[in-house]
Amino acid sequence: METYNNIVLERLPRHLKRYVVAQGYERYTALDQALWRYVMRQNYSFLKDVAYYPYIPGLKKAGLSIATIPNLQDMNDSLKLIGWGAVTVDGFIPPAAFMEFQAHRVLVIAADIRQLEHIEYTPAPDIIHESSGHAPIIGEPDYAAYLQYFGEVGTKALSSGKDFELYEAIRYLSILKEHATTTEVELEEAEKNLQIIQDNMGEPSEMALLSRLHWWTVEYGLIGDLHNPKIYGAGLLSSIGESASCMQEDVPKLPYSLNAIEYAYDITKPQPQLFVTPDFEHLKIVLDKFVDTMAFRVGGKLSVDKAIDCRAVCTVQYSSGLQVSGVFKLANTDQNLSYIQTQGPTALAFAGKQLEGHGKDYHSEGFGSPVGNLRGADQDLEDFDAVTLIQYGIVEGQQCVLNFASGITVVGTVQRIVRQFDKIVLISFTACEVYRNDGKEVYFRPEWGIYDMAVGTEIISVFAGAADKDAYETLEEHPGQASFSMTNETEDVKLVNLHAAIRNLRDKGFDQEAWLYIFNLLGTENADHWLGLVELFEIAWANNAEELAHLAEVRLLKFVTLYPHLKKLIDDGLRVAKEEALLNNQ
């Protein structure tokens, strides 16, 4: 991982660092820089009146500028002053990882930048959305606190197998939309597949519901008065199309409440309604209401059932504090939670740290254990002292029989009793058999080896991922570069070179002959030439070269005739250039 001299990034756990790629700033072309500059100038022109925070101060506080694509070092130099950091990643990363970065006060920024044809909006993560959308508002303390808290909650949210299918379908469609080589057939097939998955999601998981709250606040949130709100959501702040259209009266503005979880969203389309919060404190109040329903707060059988439906690594925590991390499966058919069972690699931990000797290599084929009290006991097994252990025959080196109130029996020779602080968390047996008294279910046989029995009266928490992620996950070295080049293979090299010449004209001073040379190369036969012409108009207008500005404007108006879909982009480009020149001459 690249180092940015930011203590926030140095504290990131190892399992998150593997998602980080080098920004590769030198890969951004002059066209990329022109695209960034256009979007940011448009944003400033519009958002200075409708954004919640002062736009330019917000950008500076995050180490951003309107003129050039941000360098991650500059961002980190600024963000570390307010206790945050930023890293670049390769497009989409798993939602749980995204949330965990947020919990560690780190902004995740896609290294790629959108293509020119998607200048108004792209469903794929890109540096415009992630940096110009999220970063500038981090300087608002209440919002930053909400963002971090949301990340902490999101890290624990349980997903479903369907969530993963949906994530992959959205990711694939977004990638296709950002690549110029994509065919209409490929796009149609991907959209059809996404629609099929969306139509068959079933009951939404915790993560699905939580992602809706994230979408309607962090991404597309409005704040203030219901009838005259301001924008704070990053998706709106970074979209020059939707930031304007969303404020129109025909887009319903609803008071933000927990009811927002009832509203699904489509990442590829403009939003049909938006939610308005009176202040950032209200966001946390609503989130807390949802958190109270989540498995990591509730525990019990329903929460374990959610973990089973997740079909991915989850953690259940016993009342003793012991944490079991693995992929869970159905263990008992009765209505009460009497036994938990994992399949495949499993690890045991306490307080987020893996117990020595109980990693996934040791428990490679799964783990199972009873849940509940011993029959007739007036004290929880986890709280037994030395005397009580002897009374129940739980003595190292001796055989004992443990009869649970649920009807499960554990018979074996006690090998070891493990305590953490004042709690018994694990008892290991040799020559052990575990079964239900009715004989219908056998959980462990003596020939299977050592039986490690978790101790705990109940499951008090269930959450996504492993308790000790660094110890559990396979930490392979990340290649450190994005897998998709920011310059598409079919990109017009001539167009990039023209924008390099325009940038040189801007940086080194106005030159009429150079201006005319570039202008003559920007013909109407290529629709993508519009951005270069807007820049030439701006340079001429700013330098009081009225005849040259008129030439560029006339050609741009011809573009509007030939390519009607460019009308708003061209009109807005001309308007902003004129407004800026007028302000500079006052």
Side-chain angles (χ1 to χ4, degrees), residues 33-70 74-75 78-79 82 107 113-114 119-121 126-144 147 217-249 251 253 270-271 274 276-280 506 531 534-535 537-539 541-542 568-586:
Q33 296 286 358
L35 194 151
W36 168 275
R37 189 172 182 277
Y38 177 90
V39 171
M40 295 301 290
R41 283 164 58 80
Q42 293 296 320
N43 281 350
Y44 174 62
S45 175
F46 180 71
L47 295 174
K48 68 180 188 297
D49 298 320
V50 297
Y52 172 73
Y53 58 89
Y55 196 69
I56 295 299
L59 291 176
K60 289 181 177 178
K61 193 174 285 190
L64 303 173
S65 77
I66 286 178
T68 57
I69 294 171
D74 294 336
M75 287 191 68
S78 297
L79 289 172
I82 54 176
L107 292 177
I113 188 166
R114 65 193 65 178
I119 191 170
E120 291 187 280
Y121 171 78
D126 84 322
I127 196 166
I128 292 178
H129 168 75
E130 305 295 347
S131 58
S132 71
H134 287 291
I137 198 170
I138 291 294
E140 296 286 336
D142 289 343
Y143 179 75
L147 202 62
T217 60
V218 175
E219 295 294 348
Y220 280 83
L222 301 176
I223 188 169
D225 181 79
L226 191 63
H227 303 291
N228 185 31
K230 300 292 185 182
I231 296 173
Y232 74 90
L236 295 174
L237 292 172
S238 61
S239 171
I240 57 177
E242 204 164 0
S243 61
S245 64
C246 79
M247 302 306 283
Q248 296 173 2
E249 291 185 3
V251 179
K253 313 296 190 299
Q271 309 314 308
L274 296 171
V276 183
T277 183
D279 50 47
F280 291 134
R506 184 190 306 282
L531 180 57
V534 166
E535 290 212 292
F537 172 85
E538 175 200 328
I539 292 170
W541 191 269
K568 185 178 186 305
L569 290 167
I570 290 172
D571 286 349
D572 287 346
L574 294 172
R575 174 182 53 78
V576 169
K578 292 175 181 178
E579 287 176 354
E580 186 175 85
L582 183 62
L583 287 172
N584 291 337
N585 291 329
Q586 286 180 349

Checklist entry - Can you name the residues that form a ring pair (Phe, Tyr, Trp, His ring centres under 6.0 Å) with Phe537, not counting sequence neighbours? => result Trp541

Item to check | Close side-chain approach of Tyr232 to Glu140, heavy-atom, < 4.5 Å | outcome: no

Item to check | Side chain to side chain, Cys246 and Ile231, heavy atoms closer than 4.5 Å | outcome: yes

Checklist entry - Okay, side chain of Tyr38, backbone of Leu569: is any donor-acceptor separation there less than 3.5 Å? => result yes

Item to check | Criterion side chain to side chain donor-acceptor pair (under 3.5 Å) on Glu219 and His134, from CA distance to verdict | outcome: CA-CA 8 Å; Glu219 295 294 348; His134 287 291; 3.3 Å; yes

Next on the checklist: Test side-chain contact (heavy atoms from CB on, under 4.5 Å) on Thr217 and Thr277; report intermediate values, then the result.
Outcome noted: CA-CA 8 Å; Thr217 60; Thr277 183; over 6 Å; no

Next on the checklist: Suppose the criterion is salt bridge (charged side-chain N to carboxylate O under 4.0 Å, His left out): which pairs have a residue in residues 35-44, not counting sequence neighbours?
Outcome noted: Arg37-Glu535, Arg37-Glu538, Arg41-Glu538, Arg41-Glu580

Checklist entry - Residues in side chain to side chain contact (heavy atoms under 4.5 Å, CB included) with Ser45, at least two apart? => result Lys48, Arg575, Val576, Glu579

Item to check | Contact check, side chains of Leu147 and Ile137, non-hydrogen atoms, under 4.5 Å | outcome: no

Checklist entry - Would you call Ser131 and Leu64 a side-chain contact if the rule is heavy atoms closer than 4.5 Å? => result yes

Checklist entry - Heavy atoms, side chains only, cut-off 4.5 Å: are Pro141 and Phe280 in contact? => result no

Next on the checklist: Is there a side-chain contact between Leu35 and Arg114 in this structure, where contact means two heavy atoms from C-beta onward sitting under 4.5 Å apart?
Outcome noted: yes

